[in-house]
Number of protein chains: 2
Amino acid sequence: MAGNHDLSTLVHECADCPIRHRAVCARCESDELARLEQIKYYRSYQAGQTVIWSGDRMDFVASVVTGIATLTQTMEDGRRQMVGLLLPSDFVGRPGRTTAAYDVTATTDLVMCCFRKKPFEDMMTATPHIAQRLLEMTLDELDAAREWMLLLGRKTAREKIASLLAIIARRDASLKLRSAKGNIVFDLPLTREEMADYLGLTLETVSRQMSALKKDGVIELEGKRHIIVPNFDALMEETGDDSDGGFLV
Amino acid sequence: MAGNHDLSTLVHECADCPIRHRAVCARCESDELARLEQIKYYRSYQAGQTVIWSGDRMDFVASVVTGIATLTQTMEDGRRQMVGLLLPSDFVGRPGRTTAAYDVTATTDLVMCCFRKKPFEDMMTATPHIAQRLLEMTLDELDAAREWMLLLGRKTAREKIASLLAIIARRDASLKLRSAKGNIVFDLPLTREEMADYLGLTLETVSRQMSALKKDGVIELEGKRHIIVPNFDALMEETGDDSDGGFLV
DNA sequence: TTCTTCGGTTGATCTGCATCAAGGCAGATC
DNA sequence: GATCTGCCTTGATGCAGATCAACCGAAGAA
């Protein structure tokens with residue numbers, strides 16, 4: 001029954017997860033913690049493995065511990081659109097709904113901390129803070145989705161790529177340290193095709209724009225995936241967003 | 001202190017609103033109702049008027065009573081993307097945030113039922129069902145936003161138009177009756193430009209595709225705004241979605 | 001070793017939608 | 001009545017990104 005309580009942010013640190021479950025309450029009383037410990041379990045997935053298919057019965061909710069997962073929608077003729085990128089600490093699943101609305105896929109090796117839905121819902125009823133915390137998180141996700149609508153509807157291919165890189169850089173930078181020179185350095189967790197699915201582009205266009213950003217010195221590439229951002233502001237310039245941040249977390 | 005309680009759907013009918021506030025609780029105890037009555041007030045806006053600007057201080061949450069409002073994001077160079085369409089009974093505003101994230105505009109004459117944020121938040125804390133109901137609604141909105149991401153990222157102009165018409169037809173049909181012949185008939189609440197902002201298109205393309213759908217007999221047009229859908233299934237065919245519904249509410 | 005596969009790059013060409021431009025119609029104002 | 005303004009339509013043209021296609025290099029597998 002270890003686990004720290006971060007009262008200020010209403011976040012609960014799971015006993016043996018390396019990261020916080022952002023989903024899970026909240027001014028923790030130790031008996032709530034104990035209940036959480038009892039109903040949780042872990043699942044691992046290999047890179048490329050499907051966690052759940054759209055339409056499948058989904059009797060758990062979960063929080064990403066390590067690795068990256070994606071939410072994707074597919075049209076009958078095969079057109080695909082990614083609608084969510086799940087990084088460590090992100091929450092999946094929907095209390096009150098029994099089937100999955102999207103394909104959930106592990107793009108890297110993935111560990112999730114799961115809670116069976118029924119006990120989790122019971123806990124939500126018993127512990128009002130959990131519903132409030134979930135509401136807060138869902139509103140954040142809604143904001144992010146709407147930001148993404150602007151990207152999909154109105155940004156150019158170059159702006160789309162820059163925006164995606166900026167998001168990943170920012171999320172990643174909050175976990176890791178910067179390189180000695182103050183550069184932001186990270187590994188792309190997505191293939192060119194996955195990037196395309198996220199951005200509403202083709203993989204060829206993604207590849208071309210990556211090359212263009214490299215040629216223009218906005219990013220440096222080592223191999224296919226390792227990205228160096230020498231100047232984050234210069235990258236932000238390319239996103240088309242107002243300079244003052246915009247994208248959340 | 002009139003107001004019916006619809007316990008099954010956790011919806012509260014406002015005493016003098018003609019419609020339900022979907023936002024507002026929830027296995028109503030009459031003293032909760034009384035509190036709600038005390039903190040609510042009404043505001044009217046004319047068509048075209050801005051309810052609130054992105055970045056402004058927003059010290060209320062609200063529910064649309066009559067009319068239609070939109071949520072819009074604008075880039076520095078003027079590119080605009082609508083990210084939400086608020087029909088009667090939809091909820092605006094975000095407990096726990098003090099500034100508006102989007103421009104909210106009345107596209108028709110609009111009446112909103114408002115609650116000052118602080119008392120509303122207090123009530124949320126005191127009445128757990130409200131948070132749960134809000135969570136439910138927010139998750140629905142998130143699903144709708146993700147559906148829209150698919151539209152913006154992957155659908156053709158024709159599919160986009162058909163999808164928008166299908167959504168409005170469906171929302172509208174649930175309020176009104178069908179015409180004698182079983183057609184769905186409604187008035188477009190948006191200008192061509194607003195449709196374009198919603199769909200990530202230009203107004204010219206919207207106009208052209210509307211003409212094309214008319215030429216192909218998918219819709220009939222009386223004047224610019226009055227739409228007749230002789231065969232809803234035929235319209236759904238054009239959306240690119242799986243036949244079984246897809247779009248929510 | 002060679003062959004295959006997977007992820008990625010780059011070139012040539014095509015096309016759907018944007019852009020630029022002209023005009024039409026209905027309702028308001030003078 | 002004439003004129004204006006807001007909303008819409010239609011045509012001509014341009015271009016960003018899609019599509020089709022060839023090829024590259026690295027990592028396995030035979």
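The residues B:E141 and A:R146 are annotated as salt-bridged, a charged nitrogen and a carboxylate oxygen being separated by less than 4.0 angstrom. We find that B:D143 and A:R94 are joined by a salt bridge, their nearest charged nitrogen and carboxylate oxygen being less than 4.0 Å apart.
As a whole-Å value, the separation of A:M210 CE from D:dG17 P is 16 Å. Atoms CD (B:Q209) and P (D:dT10) sit 12 Å apart, rounded to a whole Å. Taking atom CG of residue B:L190 and atom P of nucleotide D:dG6, one finds them 19 Å apart after rounding to whole Å. The separation between A:K214 atom NZ and C:dT9 atom C1' is 10 Å, rounded to whole Å. When the C1' atom of C:dG7 is taken as reference, atom CG of A:D197 falls 14 Å away, rounded to whole Å. We find that CG of A:D187 is positioned 12 Å from P of C:dG8, with the value rounded to whole Å. Regarding B:L221, its CG atom lies at a distance of 16 Å from the C1' atom of C:dG24, rounded to whole Å. For the pair B:L188 CG and D:dC7 P, the interatomic distance rounds to 14 Å; values are reported in whole Å.
Side-chain proximity of A:T191 to the nucleotides C:dT10, C:dC17, C:dG7 is greatest for C:dG7. In the set C:dT10, D:dA12, C:dC17, C:dC17 carries the atom at the smallest distance from any side-chain atom of B:T156. With distances taken from any side-chain atom of B:E204 to the nucleotides C:dC17, C:dA21, D:dC8, the minimum falls on C:dA21. Of all nucleotides listed (D:dT10, C:dA18, C:dG8), D:dT10 comes nearest to the side chain of B:S207. Distance from the side chain of B:T205 is smallest for C:dC17 among the nucleotides D:dG17, C:dC17, C:dG8.
Residue A:L203 is in base contact, counting any heavy-atom pair closer than 4.0 Å across all strands shown. If you check every strand for non-hydrogen atoms under 4.0 Å, B:G200 touches sugar and phosphate atoms only.
At a threshold of 4.5 Å between non-hydrogen side-chain atoms, the residues B:Q81 and B:L152 count as touching.
With rounding to the nearest 0.5 Å, the separation of CG in B:L164 from OG1 in B:T239 is 12.0 Å.
Between B:R158 and B:E238, the shortest heavy-atom distance links the atoms NE-OE1, 2.8 Å.
Checked by distance alone, B:R208 brings a side-chain donor or acceptor within 3.5 Å of a matching partner on the base of C:dT19. Judged by distance alone, with hydrogens and angles left aside, A:R225 brings no side-chain donor or acceptor close enough to the base of C:dG8 to form a pair under 3.5 Å.
Both A:L201 and A:K224 lie near DNA chain D, and the one whose nearest nucleotide falls closer to the 5' end is A:L201. Positionally, the nearest nucleotide of DNA chain C for A:E193 lies more toward the 5' end than for the other of A:E193 and A:R154.
Across all strands shown, C:dC30 forms a Watson-Crick or G-U wobble pair, both distances under 3.5 Å, with D:dG1.
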